[in-house]
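For reference, the structure discussed in these notes is given below.
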Number of protein chains: 2
Amino acid sequence: MVRSGIISLASRRTGLSNPLVEKLGHFVKLAPPDRQMIQRISSERTRDFGAREDIIQEGDRPEHINLILSGWACRYKVLEDGRRQVIAFFLPGDLCDLNLFVLRQMDHSIGAITSVTLSEISRSGFDELMLAHPRITQGLWWESLVAAATQREWAVNLGQRDATERMAHLFCELFLRLRTVGLARENSIDMPLTQSELGEATGLSAVHVNRTLQELRALGLIVLKDRTLTIPDFGALKDVALFNANYLHLEHEGRHLDANEA
Amino acid sequence: MVRSGIISLASRRTGLSNPLVEKLGHFVKLAPPDRQMIQRISSERTRDFGAREDIIQEGDRPEHINLILSGWACRYKVLEDGRRQVIAFFLPGDLCDLNLFVLRQMDHSIGAITSVTLSEISRSGFDELMLAHPRITQGLWWESLVAAATQREWAVNLGQRDATERMAHLFCELFLRLRTVGLARENSIDMPLTQSELGEATGLSAVHVNRTLQELRALGLIVLKDRTLTIPDFGALKDVALFNANYLHLEHEGRHLDANEA
DNA sequence: CGTCCCCTTGAATGAAGTCAATACGCGTGG
DNA sequence: CCACGCGTATTGACTTCATTCAAGGGGACG
């Protein structure tokens, strides 16, 4: 596994601010020192991965927390016979694994989808963050609970929705999540996933993903071309998907935590 | 449904101790004061629910953490059109919601399956626990990470496994989880779930659950009768299910945390 | 004794998977 | 420059798995 280390690209790609700052800002009000702290910690040790490269493999015992700075990654599991399920997508601003300080080894893998730049946050860096910056701590709690809620929603998606609804739901989620880190345009986002990867995430065969996409296109719900997904009418897609954004807890819910504002 | 006997049965089965004590003991070595603390806190305020009764509903803002003392419950979500997905099962020793101190409202519901006795742990009681008993804190981290891992495994189950594998997998999981709280007999467990509930958990129709169960029976993999599930050959069921227990992290992984033993 | 819930079974339908062939774009090396 | 290979997308025909609809059985309970 090649693991070089180029630092500068990331900040250029995501604009000036850090995607985690951007994301947490939707939940808690971060003071300038909070932002600087996140900024600092997430640029201390960055690392680049090529597309398709594994970031962490099942059985590893990782030593740090990974923060995605740019690119897409995914959490996945492979059955003995090779079937693969993508369990979650990681977008810029997402933290990969808070669990690793407690559990002995990874029970799944994390792989880059596009090329990825991430920041490796050490245990001590993390503790420092939590101790000195309660606002960030609150934000990280929020992030981790939303990740759990998203995981639950995926179970609903896989268990109850049919192919069309499932695909539509995934697109709704990705659009909103990218928007909270400033990576959505008016009504479109980058869509680096191949049809086969979409299938691994939705539990559908690649062939059926293809047909499902065509259906969504025919209904005028999406435009998907040149690795760009456009959603002309989000409300319409949302209705088809039976999508309810509650589980993303985006409504700036943390305001009540700002009582003792700086 | 008369279930008065069940409560006393449970405590007899788990011995004197509390299912949470039993469970955490698989991960961290609890000292007598730790056990007493859990015991005390979980008997402070208990509450009973009838079978099928909702414990928490979507939209609620719960004020405490619920610890299941006896009975089965589930986390579930309902789509606008009524389709229902069970997202997780709660067994004795399971904690329902650590999230409620951060997120504004529940994005799903929790319902009793059998009659349930649970303990309502207040925020302050919880803080007390965490502050004075680092061993318990570690254990609770483990419990919450395993719950997350289980949630991920469900996504794999729903996304990749066919009906037979899926059902077999669920049975393997329930058996092992009940065993870690002392509620499994040699090779059998109570199985209070109706076929329709099994369907809601596995994303299958009740009719197909029925046929799937028959298949598992015909293969000699399970005996399911009188609300009791017997697994004559766990290894065989495990193979059919492509079940890998890693995700439950049962191997007493927390031993390394016992360095400063009392 | 009837009702309700749960389980069971059969037949028909429908959704998604598999297999296989073809097309397209892109980069590489001849 | 073009041929080739490779990964990705598309399409059709067929199969398999699971759902739906419908009917009937059994046990618990009022």
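Both backbone and side-chain heavy atoms feed into the values below; hydrogens, waters and symmetry mates do not. First the proteins, then the strands, lettered A, B, ... as listed; each starts at 1.
- The local environment of NZ in A:Lys238 is sparse, with at most 12 non-hydrogen atoms from other residues, nucleotides or ligands closer than 6.0 Å.
- Atom C1' of nucleotide C:dC24 and atom CG of A:Asp226 are separated by 13 Å, given to the nearest angstrom.
- Checking each of A:Ile113, A:Leu67, A:Leu118, A:Ile68 against A:Phe90 for a side chain to side chain contact (heavy atoms under 4.5 Å, CB included) leaves exactly one that passes, namely A:Ile68.
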Nucleotides 13-16 of chain C: which of its N/O atoms have a protein N/O under 3.5 Å away?
from: C:dA16; atom 1: OP1; to: A:Ala163; atom 2: N; distance (Å): 2.9

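- Side-chain contact between A:Asn66 and A:Ile55 is present, with heavy atoms from C-beta onward closer than 4.5 Å.
- Counting heavy atoms of neighbouring residues, nucleotides and ligands inside a 6.0 Å radius, atom CZ of A:Arg185 exceeds 12 of them.
- The side-chain heavy atoms of B:Arg75 and B:Phe89, taken from C-beta on, include no pair separated by under 4.5 Å.
- Going from atom NZ of B:Lys225 over to atom P of D:dG27 covers 11 Å, rounded to whole Å.
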Sequence-aligned protein contact record of nucleotides 8-14 of chain D, with B where the base is within under 4.0 Å of a protein heavy atom and S where only the sugar-phosphate is: SSBBBB-
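- Between the B:Asp226 side chain and the B:Thr228 main chain, no donor and acceptor come within less than 3.5 Å of each other.
- Ring-plane geometry between A:Phe243 and A:Phe234 is classed as perpendicular, the angle between the planes exceeding 60 degrees on a 0 to 90 degree scale with a lower cut at 30.
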B:Gln214 and B:Asn210: side-chain hydrogen bond (donor to acceptor under 3.5 Å, both in side chains), yes or no, with the steps? CA-CA 6 Å; B:Gln214 311 224 19; B:Asn210 184 290; 2.6 Å; yes
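- Straight-line distance from the CZ atom of A:Arg83 to the C1' atom of C:dT18: 14 Å, rounded to whole Å.
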